[in-house]
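Values below: all heavy atoms of this structure, side chains included; hydrogens, waters and symmetry mates excluded. Convention: sequence-line order gives letters A, B, ...; per-chain numbering from 1.
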Amino acid sequence: MAGDKVEVRISRDLYEKAREFIEETGGFKSVDELVEFLLQEVLSGEEEAGLTQEDEEKVKERLRSLGYL
Amino acid sequence: MVSRPHGGRLVDRVVRGRRRERLLEEALELPRVELDAGLASDVANIAHGVYSPLEGFLVQEDYESVLYDMRLSSDIPWTIPIVLDVDPSQVAGVREGDDLALFYNGRPLALMRVEEVYGWDRGEYAERVFKTRDPRHPGVRKVMARRELLVGGPVDLLAEPPEPFEAVRLWPKETRVLFEARGWRTIAAFQTRNVPHTGHEYVQKAALTFVDGLFINPLVGWKKPGDYRDEVIVEAYKALIKHYYPRDSVVFSVLRMEMRYAGPREAIHHAIVRKNFGATHFIVGRDHAGVGSYYGPYEAWDLFREFPDLGITPLFVREAFYCRKCGQMVNEKICPHPEEYRVRISGTRLREMIKRGEKPPEYMMRPEVAEVVLSHPNPFIEEGEAQG
């Protein structure tokens with residue numbers, strides 16, 4: 001889903017470096033886009049953790065009962 | 001290590017416990033939309049993370065982004081719009097932020113928070129997704145019969161749609177645990193809507209030679225007349241795996257998802273979905289998800305090259321054929337012999353033989369598989385037949 005956009009403040013130095021990076025490398029249209037991409041990369045790694053041990057055990061039980069494990 | 005889910009997080013919108021009981025009661029008081037089997041399976045697929053990162057049916061911005069750019073508005077690759085169509089009367093008085101109850105077979109299936117109701121151009125959808133508006137194309141015909149408006153918003157699954165193949169149906173969170181438990185780091189997924197012939201077996205085993213495990217994941221659900229019935233596909237694969245595959249190298253499970261016959265775009269969609277199941281590689285053969293002559297035989301391969309950020313590696317495998325000189329299944333990359341030695345394994349020819357009750361030769365179909373198919377009174381879906 002697209003969702004709303006919110007404003008985030010970053011230091012001007014970092015902003016200028018990001019702008020230069022975009023000019024040099026291409027690929028991103030704006031600093032916003034670069035920041036969104038980087039945050040998504042970092043946070044998605046965190047979110048991936050997924051199942052609790054208990055959930056995982058339940059899944060394994062089902063897999064065993066179906067003959068997959 | 002299994003693939004990271006598409007978009008980074010495996011979506012889970014299955015409501016459990018007391019909240020589920022409460023919402024099931026609430027659903028009875030809400031405006032309701034009755035779903036067909038295809039939409040019901042879309043809801044379940046969203047909720048179980050098969051369509052991660054989708055949390056619901058597409059809102060307009062995402063719909064247009066997918067239609068024209070083959071990406072969600074967040075720039076994540078996505079090629080087939082997953083949309084809920086309704087008649088205006090079904091959403092009369094429904095506003096943004098309201099809840100809708102999604103019913104299937106007269107029972108509450110899910111709740112949907114309405115983010116947006118918008119119009120769509122079905123012809124344009126057909127043109128973009130199927131590359132044709134030809135009403136003879138089964139996907140086009142189906143889309144043109146859909147309703148006037150689309151509703152976008154997240155869904156929460158309250159009840160599982162019935163699944164006759166429950167014993168061989170796994171969700172992404174289950175396959176991910178299974179692959180890890182087996183110690184597989186590389187997994188090649190194989191999409192199919194057919195009973196297996198020796199060409200399929202060759203392609204699967206060629207892939208399996210280089211990865212830890214093979215994930216055979218046939219589609220069950222709506223298909224066009226003339227395609228094999230779901231139960232025939234399932235039983236045929238069980239026979240093949242039992243007799244010809246090392247048990248610990250293969251996982252077989254079905255996926256309830258409609259075939260759209262959208263060729264290259266659908267090939268990308270199939271790959272994304274299998275990435276969510278944890279596959280690291282996806283086998284793309286000749287005319288993947290194609291129908292008739294609407295798409296070039298290897299057109300899907302070109303489209304994959306436009307998605308370097310897909311997060312799953314396509315395995316491009318050429319059509320396999322039997323070479324009488326080589327005495328085995330080969331492909332044109334490894335067989336030097338001229339056409340007169342080559343016997344093509346044509347799906348159409350196989351169907352004709354099966355319709356006549358003839359057992360296909362062993363170089364085309366394993367005898368155990370042929371036996372399963374021929375023992376079914378009518379292995380093929382018929383014109384006008386209602387499908388679950």
Side-chain angles (χ1 to χ4, degrees), chain A, chain B residues 1-12 16 46 49 52-65 72-76 113 115-116 152-155 165-182 238 247-248 250-253 278 308-309 311:
Chain A
M1 303 293 127
D4 293 333
K5 299 281 182 188
V6 294
E7 280 184 13
V8 174
R9 288 166 179 269
I10 58 170
S11 70
R12 182 161 298 278
D13 266 4
L14 200 55
Y15 176 83
E16 291 301 337
K17 279 182 188 165
R19 213 170 44 80
E20 281 168 27
F21 174 81
I22 291 166
E23 278 174 14
E24 282 167 18
T25 60
F28 294 96
K29 291 188 197 113
S30 65
V31 174
D32 291 328
E33 208 177 273
L34 172 64
V35 169
E36 185 143 353
F37 170 79
L38 292 172
L39 280 174
Q40 217 162 37
E41 282 294 293
V42 173
L43 297 177
S44 63
E46 290 298 307
E47 286 169 1
E48 203 192 338
L51 298 178
T52 64
Q53 215 171 354
E54 194 188 342
D55 287 341
E56 189 171 325
E57 202 37 56
K58 275 187 195 162
V59 168
K60 282 184 175 168
E61 248 173 61
R62 179 166 192 266
L63 293 170
R64 276 191 284 269
S65 73
L66 295 175
Y68 282 102
L69 272 180
Chain B
M1 189 171 167
V2 300
S3 270
R4 281 171 57 173
H6 200 52
R9 186 180 67 87
L10 194 68
V11 168
D12 181 359
R16 300 172 177 91
I46 292 166
S52 296
L54 300 195
E55 304 261 356
F57 290 103
L58 297 187
V59 294
Q60 189 165 14
E61 186 186 12
D62 281 316
Y63 169 71
E64 287 176 358
S65 183
L72 295 166
S73 58
S74 57
D75 207 34
I76 293 172
R113 175 64 50 90
E115 279 188 11
E116 204 173 10
V155 294
F165 303 108
E166 188 63 37
V168 286
R169 193 269 303 276
L170 298 178
W171 293 115
K173 79 172 179 187
E174 294 168 326
T175 52
R176 291 173 162 274
V177 169
L178 178 57
F179 298 156
E180 293 277 5
R182 288 195 177 184
K238 280 184 181 172
R247 189 174 180 269
D248 291 339
V250 182
V251 165
F252 173 78
S253 96
D309 53 345

* Asked: Could you go step by step and tell me if A/Tyr68 and B/Val168 meet the side chain to side chain contact (heavy atoms under 4.5 Å, CB included) rule?
  -> CA-CA 9 Å; A/Tyr68 282 102; B/Val168 286; 4.0 Å; yes

* Test side chain to side chain contact (heavy atoms under 4.5 Å, CB included) on B/Leu170 and A/Arg62 and set out the steps. => CA-CA 10 Å; B/Leu170 298 178; A/Arg62 179 166 192 266; 3.8 Å; yes

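Between B/Glu174 and A/Lys60, no side-chain nitrogen of the basic residue sits less than 4.0 Å from a carboxylate oxygen of the acidic one, so the salt-bridge criterion is not met.
Proximity to chain A is absent for every atom of B/Ser65, based on heavy atoms less than 4.5 angstrom apart.
Between A/Asp55 atom CG and B/Lys173 atom NZ the span is 6.0 Å, to the nearest 0.5 Å. One finds the CG atom of B/Asp75 at 9.5 Å from the CD atom of A/Glu36 (value rounded to the nearest 0.5 Å).
Few gaps surround CD on B/Glu166; more than 12 heavy atoms of other groups in view lie less than 6.0 Å from it. More than 12 heavy atoms of other residues, nucleotides or ligands lie within 6.0 Å of CZ in B/Arg16, so this atom counts as buried by the packing criterion.
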